[in-house]
Every structure is written in C-alpha cells, then in structure tokens.
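Working notes, structure below.
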Amino acid sequence: VAATVALALLATAGHDLLPRIMNGNRMAATMTNAITVVWGLNLVALMLMWWQRRRHSVLDLWVMTVLVAWLFDIALSSMLNHGRYDLGFYAGRAYGLVASGVVLFAMLFENGRLHAQTVRALAGARYQHLLVVQKSAQLN
C-alpha cells in the first residue's frame, strides 16, 4: 500500500521529476530508448531459454510462447507506433488483449489436462498399492 501511494504521488505531484516520454503527439527519445531496451531484453530472454542445454519442460515452452507474444505486442504497440492513438497504438492494444486471453486459456486448459493425468496416475498407484497389500495378506 505504501509503495502504491508513493508511486502515485511521484506520478502526480512529482510529474516534473519524471523524464518526458511524449513530445506533443510523438514519442520522445527517452521512450524510444526504453522500448528498445525492453524489446531487446525480451529477445535475449527468449534466446537464452531456447538455447538451454536441458530438455524443455512444458513451463519452458509456455514462457517462450509468452515471450514471443510479448515481442509482437511491444512491436505493434510501441515500435510501429508513430504517435498517440494511431493504427499501431490500437493494433498493439487489441493484439495484447487477444494474445493474453488466448495464452491464458491455453495454459488453463494445459494445467487442467496435466492435473487430470496426475489424478489418474495417483489412482493407478493406489490401485497397485491395494493389490500389493492384498497379495501380502494372502501370502501371510
């Protein structure tokens, strides 16, 4: 709560302390540099995840999927955006909304599927344990 209040005060009362990211209807160099750094860091993270030595887990694949979606989102909403409220601005927001919804529902579906596999495996293990107990009782 304290951090939220402090950041809200900085954004409102301390407006003059923050760097300018817009010059009129155009992005300032500060904003362009920040966008380039964020996009580059996402690209580096994607490449590092792709080139890891071990086999990719399901979580690794989903994180890479999110990173690719985020790269496209940043490109559409920022890099192709030449000013406020132009086509890139709206296309980026629409793509971000659709991509995040699709990824969220796909991950929820995958999580449910993996949970169902775990439940089936546990039921099989319980059945096998019951058989071992029955056979042990017969032998005794």
Next on the checklist: Are V98 and Y95 linked, directly or through intermediate hydrophobic residues, by side-chain heavy-atom contacts shorter than 4.5 Å (ILVMFWY only)?
Outcome noted: no

Next on the checklist: Quick check on R93: does its CZ atom have over 12 non-hydrogen neighbours (other residues, nucleotides or ligands) under 6.0 Å away?
Outcome noted: yes

Checklist entry - Atom CE of M31 and atom OG1 of T36: how far apart are they, to the nearest 0.5 Å? => result 10.5 Å

Item to check | Closest contact, heavy atoms only, W39 versus I74 | outcome: CD1-CG2, 3.5 Å

Checklist entry - In Å and rounded to the nearest 0.5 Å, what is the CH2 to CG distance from W70 to L43? => result 13.0 Å

Checklist entry - How many angstroms lie between CG in L67 and CH2 in W50, if you round to the nearest 0.5 Å? => result 12.5 Å

Next on the checklist: Grouping I, L, V, M, F, W and Y whenever their side-chain heavy atoms are under 4.5 Å apart, do V58 and V66 come out in a common cluster?
Outcome noted: yes

Checklist outcome for this item: Between D73 and G92, the two heavy atoms sitting closest are OD1-O, 3.1 Å

Checklist entry - OG1 of T65 to CG of D60: how many Å apart, nearest 0.5 Å? => result 10.5 Å

Checklist entry - With hydrophobic residues grouped by side-chain heavy-atom distances under 4.5 Å, do M47 and V63 end up in a single group? => result yes

Item to check | Hydrophobic cluster identity match, M64 and L71, side-chain contacts under 4.5 Å | outcome: yes

Checklist entry - N42 and V38: side chain to side chain contact (heavy atoms under 4.5 Å, CB included), yes or no, with the steps? => result CA-CA 6 Å; N42 279 301; V38 169; 3.6 Å; yes

Next on the checklist: To the nearest 0.5 Å, what is the distance between CG on L59 and CE on M107?
Outcome noted: 6.5 Å

Checklist outcome for this item: For N23 and A28, the nearest pair of non-hydrogen atoms, with its separation, is ND2-CB, 3.7 Å

Checklist entry - Under a single-linkage definition using a 4.5 Å side-chain heavy-atom cutoff for Ile, Leu, Val, Met, Phe, Trp and Tyr, are F72 and I35 assigned to the same hydrophobic cluster? => result yes

Checklist outcome for this item: To the nearest 0.5 Å, atom CE of M49 lies from atom CG of L46 at 8.5 Å

